[in-house]
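Here is the structure we will look at, set down as structure tokens.
Quick caveat, the model's predicted, so the values are computed rather than measured. Sequence lines set the chain letters: A, B, ... in the order given, protein chains first and strands last, and positions in each chain run from 1.
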There are 2 protein chains.
Amino acid sequence: MKALSKGKASTIYEVAQRAGVSIATVSRALRDSDLVTADTRAKVKAAAAELRFTPNRSGRALAEGRHAANGIVFPDLVGPYYAEVVLGYEEAAAAVGSSVLILATHGRADAAAAVQELAGRVDGLAIMGQTVGDDVVRDIAATGLPLVLLARAPVAGVDTISTRNQRTAGQLTEHLLGHGHRRFAFLGDPAGSPDVAGRYAGLAAALRTRGLVPPPPVPCGLDLDSGERAARDLLAHPPDAVICANDEIALGVHLAAEQRRIHIPGDVAVTGWDDLMAARFAHLTTVAQPMRELGAVAARWLHRRIGERTARTDGRTSAARRRVLPTRLVVRRSCGTHPSEVHK
Amino acid sequence: MKALSKGKASTIYEVAQRAGVSIATVSRALRDSDLVTADTRAKVKAAAAELRFTPNRSGRALAEGRHAANGIVFPDLVGPYYAEVVLGYEEAAAAVGSSVLILATHGRADAAAAVQELAGRVDGLAIMGQTVGDDVVRDIAATGLPLVLLARAPVAGVDTISTRNQRTAGQLTEHLLGHGHRRFAFLGDPAGSPDVAGRYAGLAAALRTRGLVPPPPVPCGLDLDSGERAARDLLAHPPDAVICANDEIALGVHLAAEQRRIHIPGDVAVTGWDDLMAARFAHLTTVAQPMRELGAVAARWLHRRIGERTARTDGRTSAARRRVLPTRLVVRRSCGTHPSEVHK
DNA sequence: GTGAAAGCGCTAACAC
DNA sequence: GTGTTAGCGCTTTCAC
């Protein structure tokens with residue numbers, strides 16, 4: 001047993017030589033094919049262990065025509081939202097034997113190229129939010145690569161998973177109206193994402209039902225700092241309630257209010273969206289989304305699509321799927337303390 | 001221009017045929033080699049664009065002998081800590097042109113196999129915390145794969161990056177002593193991780209310096225629920241101060257105290273570690289760690305190691321590196337409100 | 001049951 | 001400047 005030469009990974013040829021068999025037999029034995037005798041298998045596995053052999057995945061991927069890896073693309077890294085989705089995705093992908101590649105686009109101009117390059121490394125791809133344009137999505141879909149869109153406006157022929165926005169935003173609005181609030185502000189940019197658009201639409205619809213005029217949205221980034229900055233202006237003349245497009249914005253408002261010694265909910269009600277861990281400790285009324293589940297469903301759908309793809313010889317696949325995951329209103333103190341609360 | 005046949009990605013051969021050149025020329029043109037005329041390059045790029053050609057990375061990886069991808073292994077998914085590290089890693093890796101594979105071990109028994117398999121897909125690997133044993137680390141290191149350990153006890157010959165625990169824990173303890181606290185409790189399991197061990201050691205050392213006897217640690221998982229559960233017993237007879245191994249535990253204590261109507265810091269002081277976003281809103285005194293930076297440094301070190309590896313023909317590489325990133329005490333309300341505060 | 005050999009898609013000598 | 005061709009490490013027919 002000669003020692004390992006440090007610095008280079010061993011190949012199937014070395015294992016074959018050491019075990020005294022052919023590379024074909026090594027390949028079979030290591031993958032527990034029943035085309036080898038138990039004896040040979042043991043011999044091969046011993047040799048592989050001695051050499052600390054791990055098959056080079058590029059070689060295998062090329063030979064098998066598949067990567068055994070999926071990718072997920074998300075726009076940005078700020079805040080826990082995307083992290084949760086990615087982790088749900090990883091968990092589900094690992095469960096079906098797929099490695100996971102991640103890509104953050106950071107709103108970079110060359111995002112499209114990076115996504116295209118990623119597409120060449122994986123068997124399936126999940127694309128979140130506003131990372132790349134519809135044209136890129138269509139191009140990739142046209143290659144036949146299984147794709148699923150997350151929290152993003154649908155593209156013809158591509159699977160899409162999102163979370164319920166409009167209806168729950170309506171519930172939230174009703175709840176605030178129940179507190180007696182009438183003058184609202186909305187912090188967030190409906191043009192920036194379909195999620196924010198849905199939340200604003202839900203607010204607007206609920207107000208109109210009550211004969212109230214919806215406020216124009218106040219455009220705002222989805223991070224804490226943007227929320228704090230936007231709030232500095234807004235709180236000069238506080239409305240009854242500030243509905244924020246997500247928790248980070250709401251937490252920013254919280255900080256700005258603290259600085260101005262404006263009391264929440266006494267002087268102004270504030271709500272968020274996402275139910276981040278921090279929301280609980282800021283006593284923020286918000287909407288909980290199944291972020292982990294969002295990622296997990298995406299991974300499972302891709303797995304099935306990949307299976308379909310290899311199963312069929314013709315190009316046909318089943319129709320594009322849609323799914324909207326339910327969200328849930330989480331009432332805490334920030335929306336008001338009036339006894340008129342209906343939701344308990 | 002005949003239409004694309006949906007369902008299969010195009011290859012370099014098809015591009016070559018369409019452009020009327022050889023595959024070698026396609027390869028060169030697409031990689032902007034200056035061995036092709038501008039004219040040919042344009043022709044090839046046009047053909048590639050028409051076919052929506054993206055090079056298959058497995059083929060390229062096999063030919064180049066490198067994956068252009070790095071991996072990162074982390075134990076678990078609970079809480080924002082690992083997410084931050086991973087995202088810092090991704091960002092830095094992307095900056096040097098590396099894709100990123102993630103793997104969560106979840107304390108699974110077959111973690112070693114999963115990590116070994118990952119090792120076969122990447123040019124370098126970052127391994128966090130208690131994901132796999134030293135034996136696995138040594139095996140992988142022996143293959144010559146560049147490796148970096150994160151927040152983990154060092155292994156001979158392998159690069160390690162960690163954050164400062166003991167000294168800052170001492171500062172934290174001094175601060176608490178300054179508030180007049182004398183009876184302490186420590187929530188966390190020093191045997192579970194070197195980070196926790198370091199934090200406890202810092203506490204113990206600081207107390208001994210003052211002639212006080214350190215409390216035995218109260219073993220506790222690193223998540224919110226574990227903290228809340230542990231606090232239920234602990235708060236029956238509250239000490240002056242509860243020093244928690246991380247923020248999630250401290251936030252759990254916070255919730256338990258709220259339920260029992262025990263006031264923080266009036267009745268008991270509480271501190272955490274990590275400075276999560278939620279810590280700010282729970283007014284938690286804690287220690288900030290550069291989590292993003294931790295990941296980013298790992299990615300940069302790996303990049304350099306990979307460069308060294310291909311540069312040298314002999315097996316030699318420079319000695320194993322160590323780095324300890326600084327941490328910073330963040331004083332908020334949860335540690336006490338006495339006027340004797342020294343740290344501002 | 002095992003081996004020989006033909007690729008998988010790409011890069012990089014080496015010719016011309 | 002461009003084409004030919006030999007691999008990269010592996011899986012998988014196809015013979016034996």
Legend entry - side chain to side chain contact (heavy atoms under 4.5 Å, CB included) partner of B/P146, chosen from B/R304, B/E308, B/R305: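 The side chain to side chain contact (heavy atoms under 4.5 Å, CB included) with B/P146 is passed solely by B/R305 among B/R304, B/E308, B/R305.
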Legend entry - side chain to side chain contact (heavy atoms under 4.5 Å, CB included) evaluation trace for B/I306 with B/N70: CA-CA 10 Å; B/I306 293 163; B/N70 289 0; 3.6 Å; yes
Inset, instruction - Could you tell me, to 10°, how much the axis swings from one end of the helix from C/dG1-D/dC16 to C/dC16-D/dG1 to the other, five pairs per end? - result: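 It comes to 40° between the two terminal axes.
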Return the polar atom pairs (N/O with N/O) between nucleotides 12-16 of chain D and the protein under 3.5 Å, or none.
{"residue": "D/dT12", "atom": "OP2", "partner": "A/R31", "partner atom": "NH1", "Å": "3.4"}
{"residue": "D/dT13", "atom": "O4", "partner": "A/R28", "partner atom": "NH2", "Å": "3.1"}

Legend entry - side chain to side chain donor-acceptor pair (under 3.5 Å) against A/T131, all qualifying residues, sequence neighbours excluded: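 Side chain to side chain donor-acceptor pair (under 3.5 Å) check on A/T131 returns nothing, list empty.
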Inset, instruction - Quick one: list whatever passes side chain to side chain donor-acceptor pair (under 3.5 Å) with A/T40, sequence neighbours left out. - result: A/T37
Between atom [atom1] in [X] and atom [atom2] in [N], what is the gap in whole Å?
{"X": "A/L62", "N": "D/dG7", "atom1": "CG", "atom2": "C1'", "result": "12 Å"}
{"X": "A/L30", "N": "D/dC10", "atom1": "CG", "atom2": "C1'", "result": "11 Å"}
{"X": "A/H67", "N": "D/dT11", "atom1": "NE2", "atom2": "P", "result": "15 Å"}

Inset, instruction - With side chain to side chain contact (heavy atoms under 4.5 Å, CB included) as the test, would you mind laying out the steps for B/Y81 and B/M128 before giving the verdict? - result: CA-CA 11 Å; B/Y81 174 85; B/M128 291 203 72; 3.9 Å; yes
Inset, instruction - Return the residues of residues 41-49 of chain B meeting this criterion: a heavy atom under 4.0 Å from some atom of DNA chain C. Order them by number, or give none. - result: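 None, since no heavy atom is under 4.0 Å.
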Inset, instruction - Using chain A heavy atoms and a threshold of under 4.0 Å, write down where along DNA chain C the contacts begin and end, 5' to 3'. - result: C/dG1 to C/dG9
Under the side-chain contact (heavy atoms from CB on, under 4.5 Å) rule, collect the residues that match up with [X], sequence neighbours excluded.
{"X": "A/L62", "value": "B/S58, B/L62"}
{"X": "B/I161", "value": "B/V148, B/L150, B/L294, B/V297, B/A298, B/W301, B/R323, B/L325"}
{"X": "B/R138", "value": "B/D134, B/V155"}
{"X": "A/L145", "value": "A/A119, A/V122, A/L125, A/I140, A/T143, A/L147"}

Inset, instruction - Give a yes or no answer on whether the side chain of A/E91 reaches the backbone of A/G88 with a donor-acceptor pair at less than 3.5 Å. - result: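 Such a contact is absent between A/E91 side chain and A/G88 backbone.
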Legend entry - Backbone of A/V73 reached by a side-chain donor or acceptor of A/Y82 within 3.5 Å: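 No; judged by distance alone, with no hydrogens or angles, the pair does not exist.
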Inset, instruction - Between A/Y13 and A/V26, just flag the one whose closest nucleotide in DNA chain C comes earlier from the 5' side. - result: A/V26
Inset, instruction - Considering just the side-chain nitrogens and oxygens of A/S58, establish if one lies under 4.0 Å of OP1 or OP2 belonging to D/dC8. - result: no
Legend entry - Short side-chain N/O contact from A/R60 to OP1 or OP2 of D/dG9, under 4.0 Å: no
Inset, instruction - Select base, sugar-phosphate, or nothing to describe what B/T11 touches, counting heavy atoms under 4.0 Å on all strands. - result: sugar-phosphate
Legend entry - Contact list for residues 114-124 of chain A, test side chain to side chain donor-acceptor pair (under 3.5 Å), sequence neighbours left out: A/E117-A/R121, A/E117-B/R57, A/R121-B/S99
Inset, instruction - With DNA chain D as reference, determine whether A/F53 or B/S22 sits nearer its 5' end, using the nearest nucleotide of each. - result: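 Looking at the nearest nucleotide for each, B/S22 comes out on the 5' side.
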Inset, instruction - Sequence neighbours left out, what pairs pass salt bridge (Lys or Arg N to Asp or Glu O under 4.0 Å) with at least one residue falling in residues 24-38 of chain A? - result: A/R31-A/E64, A/D32-A/R41, A/D32-A/K45
